[in-house]
Number of protein chains: 2
Amino acid sequence: MVRPGHWGVRARVERFSEPALLLLLLERPTHGYELLEALPHVTGEARVDMGNLYRVLRGLEEDGLVTSRWEAGEPGPAKRTYELTVEGRRLLDEWAAALRGSRERIDTFLHRYERR
Amino acid sequence: MVRPGHWGVRARVERFSEPALLLLLLERPTHGYELLEALPHVTGEARVDMGNLYRVLRGLEEDGLVTSRWEAGEPGPAKRTYELTVEGRRLLDEWAAALRGSRERIDTFLHRYERR
DNA sequence: CAATACATGTGTCTTTTACATGTAGGTAGA
DNA sequence: TCTACCTACATGTAAAAGACACATGTATTG
């Protein structure tokens, strides 16, 4: 809700950017800014806040779900490249399972809605 | 992000209880407590906070999306029965459209995940 | 050399969700 | 009858998630 007159309908999946970036990292090691640009393609238009994204990445690293290294040699600003760990992969698997559940709940809802 | 060490995976749809209760009200007028018990069947998961539910109901009414009346005569505590308005129905339609979008985004994600 | 794009970050506020508690009528049994 | 429990509606507040604003620095391009 909560302030009256604002019944914005988005139907976003909570923290969807998390599994999305894990998936991108599964496909290949990437740095933050690139993830920022690639994420909307996965999430389908969800705008990702870059501040929060970098925080999530550091949090993931803190807990050993990704590792990072500074990319040297390339032109341009220094990049911190992230890579998925085995535990990160497991977390992604969990997300995939949970998302299958979500899809089913949405399906159920829509069928019930369409009966009316 | 969650506090470090707590990468809880739920894949909930934001404010899913809103369209869920609109759908229940589309099926028939109902009072709050009954919605509270019926909601988990629609959303597929427990966690519906009754405090928030009543707040949402009053908010919906404030904006003319539902109407309510106190049910008299019946045994037990007085019940406030809610009914969907035309505008409420429109909001539900919006939700249904948005949820179809969500389902598609999740599908896309899962296909991409399964390719790996 | 100014504007723009790339790249990584911090600080903080608002919104949304979760947890806790309060009030009160009704019901069934010791 | 009193007390334990269920129904029913409601408020208060903490925590989580997300949005907004801004800082810092490098390279590129017009």
Side-chain angles (χ1 to χ4, degrees), chain A residues 1-21 24 29-40 43 45-62 66 68-82 95, chain B residues 1-21 24 29-40 43 45-62 66 68-82 95:
Chain A
M1 223 178 88
V2 148
R3 61 187 191 289
H6 285 73
W7 296 96
V9 169
R10 285 183 304 165
R12 280 186 70 254
V13 174
E14 268 179 23
R15 294 158 60 197
F16 192 41
S17 51
E18 266 173 50
L21 68 85
L24 287 168
T30 323
H31 65 275
Y33 193 85
E34 201 180 326
L35 288 167
L36 191 71
E37 292 183 319
L39 273 172
T43 61
E45 49 82 36
R47 57 201 181 292
V48 187
D49 181 74
M50 62 176 166
N52 294 334
L53 173 64
Y54 286 117
R55 267 185 283 247
V56 168
L57 283 170
R58 267 179 293 114
L60 286 169
E61 181 163 30
E62 234 177 275
V66 300
S68 80
R69 60 180 187 281
W70 285 100
E71 214 57 62
E74 286 167 49
K79 299 166 195 181
R80 186 190 276 274
T81 299
Y82 290 90
W95 267 103
Chain B
M1 175 182 101
V2 185
R3 55 194 188 288
H6 286 75
W7 296 95
V9 170
R10 284 182 301 163
R12 280 187 68 255
V13 174
E14 274 178 12
R15 295 157 62 196
F16 192 41
S17 51
E18 264 173 52
L21 66 85
L24 287 168
T30 322
H31 64 274
Y33 194 86
E34 201 180 326
L35 287 167
L36 191 72
E37 291 184 318
L39 274 171
T43 61
E45 46 178 288
R47 219 178 292 101
V48 184
D49 182 74
M50 65 175 165
N52 295 329
L53 172 64
Y54 286 116
R55 267 186 283 247
V56 168
L57 283 170
R58 266 179 295 114
L60 285 170
E61 181 163 30
E62 235 177 275
V66 301
S68 80
R69 60 178 186 283
W70 284 100
E71 215 58 63
E74 287 167 48
K79 299 166 194 181
R80 188 190 275 273
T81 298
Y82 290 90
W95 266 103

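Note that this is a predicted model, so its numbers are computed, not measured. Below, chains carry the letters A, B, ... as their sequence lines are ordered, and counting in each starts from 1.
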Next item on the list: Given salt bridge (Lys or Arg N to Asp or Glu O under 4.0 Å), test B:Arg69 with B:Glu71 step by step and report yes or no.
Entry: CA-CA 6 Å; B:Arg69 60 178 186 283; B:Glu71 215 58 63; 3.8 Å; yes
Margin query: Output the rounded distance in Å from CZ (B:Arg58) to P (D:dA8).
Written below: 18 Å
Notebook entry, point to check: Toward the 5' end of DNA chain D, which comes first, B:Tyr82 or B:Glu37, by nearest nucleotide?
Noted result: B:Glu37
Notebook entry, point to check: OP1 or OP2 of D:dA17 less than 4.0 angstrom from a side-chain nitrogen or oxygen of A:Arg15, does that happen here?
Noted result: yes
Next item on the list: Would you tell me if any nitrogen or oxygen in the side chain of B:Tyr33 comes within less than 4.0 Å of OP1 or OP2 on D:dC9?
Entry: no
Checklist line | Distance, rounded to the nearest Å, where A:Glu71 contributes CD and C:dT8 contributes C1' | finding: 15 Å
Check: Taking the side chain as C-beta and beyond, is there a heavy-atom pair between B:Thr30 and B:Leu21 under 4.5 Å?
Finding: no
Notebook entry, point to check: To the nearest angstrom, how far is B:Lys79 atom NZ from D:dC6 atom P?
Noted result: 17 Å
Margin query: On the nucleotide C:dG9, are OP1 or OP2 found under 4.0 Å from the side-chain N or O atoms that A:Arg80 carries?
Written below: yes
Check: Taking atom P of D:dA27 as reference, at what distance in whole Å does atom CD of A:Glu74 sit?
Finding: 12 Å
Next item on the list: For the residue pair A:Trp95 and A:Arg15, establish whether any side-chain heavy-atom pair is separated by less than 4.5 Å.
Entry: yes
Next item on the list: Would you mind reading off the distance between B:Tyr54 atom OH and D:dT7 atom C1', rounded to a whole angstrom?
Entry: 9 Å
Next item on the list: Working to the nearest 0.5 Å, report the span between CD of B:Glu14 and CD of A:Glu14.
Entry: 6.0 Å
Next item on the list: Check whether any side-chain heavy atom of A:Leu35 sits under 4.5 Å from a side-chain heavy atom of A:Val48, and report yes or no.
Entry: no
Check: Separation of B:Trp7 atom CH2 from D:dA17 atom C1', in whole Å?
Finding: 12 Å
Checklist line | Sugar-phosphate or base contact per nucleotide [nucleotides 18-29 of chain C; S, B, -; heavy atom under 4.0 Å] | finding: BB-B---BSS--
Check: Is A:Tyr54 close to A:Leu36 at the side-chain level, that is, under 4.5 Å between some pair of heavy atoms?
Finding: no
Margin query: I need the minimum non-hydrogen distance between A:Val66 and A:Tyr82, along with the two atoms involved.
Written below: CG2-CD2, 3.8 Å
Notebook entry, point to check: Roughly, in whole Å, what's the span from CG in A:Leu53 to P in D:dA19?
Noted result: 13 Å
Check: Between B:Leu36 (CG) and D:dA8 (P), how many Å, whole number?
Finding: 10 Å
